[in-house]
Amino acid sequence: VDGMVRHDWTAGTVLALLRLPLLELIGRANAVRRARFPDDALRRAALLSVKTGGCSEDCAYCAQSARHESVDLTPTRLMDPDSVIAAAEEAKARGADRFCMSAAWSRARDGKPFEAVLAMVRGVTALGLEACVTLGALTPDQARRLAEAGLHTYNHNLDTGPDHYPKIVSTRTYQDRLATLAVARAAGLRLCCGGIVGLGENLADRAAFLATLGALDPHPENVPVNLLVPIPGTPLAARPPPDPLEAVRVIAAARLVLPASDIRLSAGRATLSREAQILCLLAGANGVFLGERLLTAPNAGEEADAALLAALT
Ligand code: SAM
Ligand code: DTB
Ligand code: SF4
């Protein structure tokens, strides 16, 4: 029965969803979306890179890996908490309900930088925003301290299916990612865990990715679906951006696999027409990142956001 939360998803059952005729898939996903989110409210997050570039991991899509030497990016130091909190205040004034802070770290380090992140979390939470951070791998103690500081959600993406993952990242394993998700969950944090369409994965990889999320109990509360933004200087620079309808199918299948989770149409939105974005929402997405910038890449921007929101009213 569509719309029931279940955890017995397999790559096979999800593959069957991804292969449905497009209109049937969208129709079923939209029925679940309407039943679960009857007010059609769009969740609005703002994104800030609090520490950009210089990362020791080698994620093939990422502008921030120090290993992709020809990417045009100057690494920055960790921002000071006051500037971050000021940016959160502006985001709130522009209508954001959540503030996501990203650091290009393979793992969170103890000491001063971690204390600063805790101060950011406290400050953003005090503004009445949902604070979310993504810091790489966490120890149980770090996860506990983030939860104590009021962190709403921890983001840690699986990106793709387990078989395709080693073709995209060699410096860590899929198991490492799952272990960090378990650490964050054990500390009582909500999870944001999503992936990317357009990494050269096939339909079976997409099915295995969604089945992995669907098998987590509880499901991640948030699932960002990114369309690859090909970044000059990265190994995936020459890859064509994915067909928007591929993302529509992934979003619709995600809505059926994870009926109660928020699904955010994330990176790549800037290249989608307003109509393609609305198709993504119809297929089950119920959130976006607002603003001019993602982490290093441009986002849709204020004008396009306003046009989208106006079209929806
Ligand atoms: N270092 C942390 C980590 O990897 O968990 C957090 C930052 S990382 C940049 C956050 C996520 O952004 C990645 O997991 C990936 O899914 C997404 N992302 C990064 N670069 C992207 C790109 N060029 N296109 C689409 N999504 C991208
Ligand atoms: C997520 O899944 N997508 C956002 C957020 N979580 C951190 C980041 C997208 C990054 C896009 C590429 C860039 O800006 O460098
Ligand atoms: Fe580092 Fe995260 Fe980028 Fe991978 S995705 S290179 S871990 S910042």
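First listed ligand is number 1; within each ligand, the first listed atom is number 1.
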Any N or O of Asn157 closer than 3.5 Å to N or O of ligand 2: yes

Which of the numbered atoms in ligand 3 are under 4.0 angstrom from any heavy atom belonging to Ala104? 8 (S)

Nearest heavy atom to atom 2 (O) of ligand 2 wins, so pick from Leu73, Leu227, Asn226, Leu295. Asn226

Which residue owns the protein heavy atom closest to atom 23 (N) of ligand 1, what's the atom, and how far is it? Val229 O, 2.9 Å

Atoms of ligand 3 close to Tyr61 [distance to a heavy atom under 4.0 angstrom, numbered from 1]: 5 (S)

Would you call Arg172 a ligand 3 contact, heavy-atom distance under 4.0 Å? yes

Residue part near ligand 1, for Pro224, under 4.0 Å between non-hydrogen atoms: neither

Are any non-hydrogen protein atoms located under 4.0 Å from atom 16 (O) of ligand 1? yes

Checking a contact table here: which protein heavy atom is nearest atom 7 (C) of ligand 2, and how many Å away? Leu47 CD1, 3.8 Å

What about Asn155: any of its N or O atoms under 3.5 Å from an N or O on ligand 1? no

Pull out every atom of ligand 2 sitting under 4.0 Å from any heavy atom of Pro224, numbered as shown with elements. 2 (O)

Between Arg177 and ligand 1, find which residue part has any heavy-atom pair under 4.0 Å and reply side chain, backbone, both or neither. side chain

Does Tyr61 reach ligand 1 with a nitrogen or oxygen that is under 3.5 Å from one of the ligand's nitrogen or oxygen atoms? yes

Protein contact of atom 15 (O) of ligand 2 - nearest heavy atom, named by residue and atom, plus distance: Thr296 OG1, 2.5 Å

May I ask you to list the atoms of ligand 1 that are less than 4.0 angstrom from any heavy atom of Leu295? 9 (C)

Can you report which non-hydrogen protein atom sits closest to atom 27 (C) of ligand 1, along with the distance? Ile196 CD1, 3.7 Å

Any non-hydrogen protein atom less than 4.0 Å away from atom 2 (Fe) of ligand 3: no

Counting heavy atoms only, which part of Leu227 comes closer than 4.0 Å to ligand 1: side chain, backbone, both or neither? backbone

May I ask you to list the atoms of ligand 2 that are less than 4.0 angstrom from any heavy atom of Ala297? 13 (C), 14 (O), 15 (O)

For ligand 1, does Asp159 get within less than 4.0 Å through its side chain, its backbone, both, or neither, judged by non-hydrogen atoms? side chain

Consider every N or O of Ile231 and every N or O of ligand 1, then say whether any pair is closer than 3.5 Å. no

Hey, is Asn157 touching ligand 1 through its side chain, its backbone, both or neither, going by heavy atoms under 4.0 Å? side chain

Report the residue from Val223, Leu181, Val14, Leu191 that forms a side chain to side chain contact (heavy atoms under 4.5 Å, CB included) with Leu213. Val223

Backbone or side-chain N/O/S of Cys59 under 2.8 Å of atom 3 (Fe) of ligand 3: no

Counting from 1, what ligand 1 atoms have a heavy atom of Asn226 closer than 4.0 Å? 16 (O), 25 (C), 26 (N)

What residue and heavy atom of the protein are closest to atom 7 (C) of ligand 1, and at what distance? Ser102 OG, 3.4 Å

